[in-house]
Amino acid sequence: MKLARASVRLVDLRLRTPFTTSFGTASLLRRPFVVLETGDGRRGVGEVPTLPEPAYKPEVDTPAVLTSLREWLLPSVAKAQHATGEIADIDALRESYAWVKGAVFAKSGVEAAYWDLLAQEAGEPLWTLWGGERRAFDVGVSIGGATTDDVLRLADRAVDQGYRRLKVKIWPGFDLEPAAALRERFPDILLQVDANSAYDLASWQRLKELDGLGLLLIEQPLYDDDIVLHARIGRELATPICLDESIRSRRDVDAAISLWREGAGLERLIVNIKPPRVSGFAEAIAIANRCREAGVRTWIGGMLDSAWGKAMNLQLNGLPAIDLPGDHFSPGGAYFEEDITTAPLVAADGRFALGDAPGAGLEIDWERLEGTGEEVVSLDL
Ligand code: OSB
Ligand code: MG
């Protein structure tokens, strides 16, 4: 494919309900959207689901992502295209910026825009392009409440709408109480907790008290860059550990598989696959397949993405290798007061069904993207 232009627009997305995690409360997100244009005027879009600060992981904040895109990634794509006359495929795209260490979120936005172009060109939905076979699947919600009352109120809303899988944010001092309250109110629901690396080698012991609640998993209790210590505490918890922040690539997954195989057992390891955290969909698909081969369960995580980012992630759920419901919907319906697509994403009764429309399955609201989105990077290729 021959690319003519790359640009980045910044769009303000305001959450309808503030989202609280162990690292703080988010309400306004300033998000970069990468736009790749072909010579014949086709446009592909990739959201980079940044947060305001690098508190979840390094280089997930908007300033860092803009620097990577502007200074390193898009110039690398330009150089590769100049050398060969085109960017032939996803491998060539990834190869062009493979020399850049890290910058996984920024890379994922460029890759997503290219996948969008590929799907449009093929006239196919992304899920069939990716080898998907599941047309419908359960989806879940992630609850970031500041108090147990908040959590219960948000959970009630979600369950009223038909969701059968809940995840709740916890941290030291706010763990047993919200989890037990949810379990008491919803004895049969698929329930999981996410600590976003808030515990250390002393405080994690408290998580043993969650073992009696029948949780599906405990997500990322320890340090964001650790696998080894998670494997160690995994031997002492009955509840499976799910890795989120720790997994940046296939190699990290291989490391986890070998540690759990010799330790807690692979049925007690679960992997949250977030495409932006592993540099994009190509790596995400490779990880899903590797986990499936090893008998490690997976699901697709989210980053409070706009309907565009969520739609792409939902297409990835079409893969038969994905086992568990992901973080895709807000407890109250749409995440944002104003989104970036012409129609909302809808899950009836906690299930999502993929359609046959090409690409992500819905359309970018170009008036909103170009009208309110400030163009902060622009490059002729
Ligand atoms: O750890 O999964 C996480 C949101 C922002 C940052 C980190 C995480 C989250 C979520 C995802 O819990 C919520 C969603 O996108 O539906
Ligand atoms: Mg998480």
Side-chain angles (χ1 to χ4, degrees), residues 44 46-49 57 59-60 73 76-77 80 87-119 122 124-134 137 219-220 225 227 230-231 242-261 266 269-303 305 309 312-324 326-328 354 360:
E47 175 177 6
V48 188
K57 277 187 72 67
E59 297 190 298
V60 304
L73 303 183
S76 296
V77 175
I87 302 293
D89 52 24
I90 285 285
D91 286 346
L93 181 75
R94 298 179 79 204
E95 197 53 44
S96 74
Y97 48 65
W99 67 276
V100 178
K101 300 283 193 286
V104 285
F105 266 54
K107 287 173 180 172
S108 78
V110 182
E111 202 192 295
Y114 193 95
W115 277 116
D116 184 23
L117 286 172
L118 281 180
E124 264 188 67
L126 284 164
W127 68 276
T128 60
L129 210 62
W130 289 333
E133 293 170 18
R134 305 196 308 161
F137 38 82
E219 187 174 341
Q220 198 74 28
D225 58 356
I227 300 173
H230 278 93
C242 173
L243 296 177
D244 172 356
E245 282 89 328
S246 305
I247 301 295
R248 299 155 304 179
S249 68
R250 257 173 282 194
R251 289 186 297 103
D252 289 333
V253 168
D254 287 342
I257 287 173
S258 92
L259 288 166
W260 261 262
R261 185 177 274 138
L266 292 173
L269 171 64
I270 295 178
V271 174
N272 170 344
I273 304 177
K274 280 184 189 169
R277 203 200 55 227
V278 300
S279 82
F281 290 104
E283 191 75 7
I285 292 166
I287 287 172
N289 292 330
R290 190 154 297 183
C291 285
R292 170 48 61 97
E293 282 161 27
V296 170
R297 287 171 290 170
T298 60
W299 51 282
I300 309 301
M303 287 297 300
D305 324 72
M312 284 203 174
N313 286 346
L314 286 160
Q315 298 273 323
L316 190 58
N317 277 266
L319 295 194
I322 306 300
D323 305 283
L324 298 166
D327 287 341
H328 298 294
L354 294 165

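Only heavy atoms go into these numbers, but all of them, side chains included; no hydrogens, no water, no symmetry mates. A quick note: this is a predicted structure, and the numbers were derived from the prediction, not measured.
- At a threshold of 4.5 Å between non-hydrogen side-chain atoms, the residues Asn272 and Trp299 count as touching.
- Closest heavy-atom contact between Leu129 and Ala122: CD1-CB, 4.2 Å.
- A heavy-atom distance below 4.5 Å is found between the side chains of Ser246 and His230.
- Within the 3.5 Å criterion, the main-chain N or O of Asp305 finds no donor-acceptor partner in the side chain of Glu47.
- For the pair Ile273/Ile322, a side-chain contact is recorded, criterion being any heavy-atom separation below 4.5 Å from C-beta on.
- Interatomic distance, CD1 of Ile87 versus CZ of Arg94, reported as 14.0 Å (0.5 Å rounding).
- Taking the side chain as every heavy atom from C-beta outward, Lys274 and Asp327 never approach each other to under 4.5 Å.
- With hydrogens and angles ignored, the 3.5 Å screen pairs a side-chain donor or acceptor of Gln315 with a backbone N or O of Ala360.
- In this structure, Glu111 CD and Leu73 CG are separated by 11.5 Å, a value rounded to the nearest 0.5 Å.
- Scanning all heavy atoms of the two residues, the minimum distance from Ile227 to Ala255 falls at CD1-CB, 4.4 Å.
- Within the 4.5 Å cutoff, the side chain of Arg292 has no heavy atoms near those of the Leu319 side chain.
- Side-chain atoms of Asn313 and Pro275, non-hydrogen and from C-beta on, do get closer than 4.5 Å to each other.
- In this structure, the side chain of Gln220 engages the main chain of Asp244 through a donor-acceptor pair within 3.5 Å.
- Between Val278 and Ile287, the closest heavy-atom pair is CG1-CD1, 3.7 Å.
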Quick one: side chains of residues 96-106, donor-acceptor pairs under 3.5 Å with protein atoms, not counting sequence neighbours, listed by atom name and distance.
| from | atom 1 | to | atom 2 | distance (Å) |
| --- | --- | --- | --- | --- |
| Ser96 | OG | Leu93 | O | 2.6 |
| Trp99 | NE1 | Ser76 | OG | 3.0 |

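- When every heavy atom of Ala112 is checked against every heavy atom of Gly46, the shortest pair comes out as CB-CA, 3.7 Å.
- Of all the heavy atoms in Arg261 and Ala294, the pair that sits closest is NH2-CB, 4.4 Å.
- If you take CD1 on Ile285 and CH2 on Trp130, they are separated by 6.0 Å, rounding to the nearest 0.5 Å.
- Between the Asp323 side chain and the Thr298 main chain, a donor and an acceptor come within less than 3.5 Å of each other.
- Looking at heavy atoms from C-beta onward, Ile270 lies out of side-chain contact with Cys291 at the 4.5 angstrom threshold.
- With rounding to the nearest 0.5 Å, the separation of CG in Leu243 from CH2 in Trp260 is 4.5 Å.
- Of the N and O atoms on the side chains of Ser249 and Glu283, not one donor lies less than 3.5 Å from an acceptor on the other residue.
- Residues Ala231 and Leu259 come closest through the heavy atom pair CB-CB, 3.7 Å.
- The distance from atom CH2 of Trp115 to atom CD1 of Ile90, rounded to the nearest 0.5 Å, is 4.5 Å.
- The side-chain hydrogen bond (donor to acceptor under 3.5 Å, both in side chains) check on Arg248 picks up Asp252, with sequence neighbours excluded.
- In terms of modelled atom types and a separation under 3.5 Å, the side chain of Arg277 and the main chain of Glu245 share no donor-acceptor contact.
- Atoms CG and CG, on Leu354 and Leu126 in that order, are 10.0 Å from each other to the nearest 0.5 Å.
- In this structure the side chain of Leu314 reaches within 4.5 angstrom of the side chain of Phe137, judged on heavy atoms.
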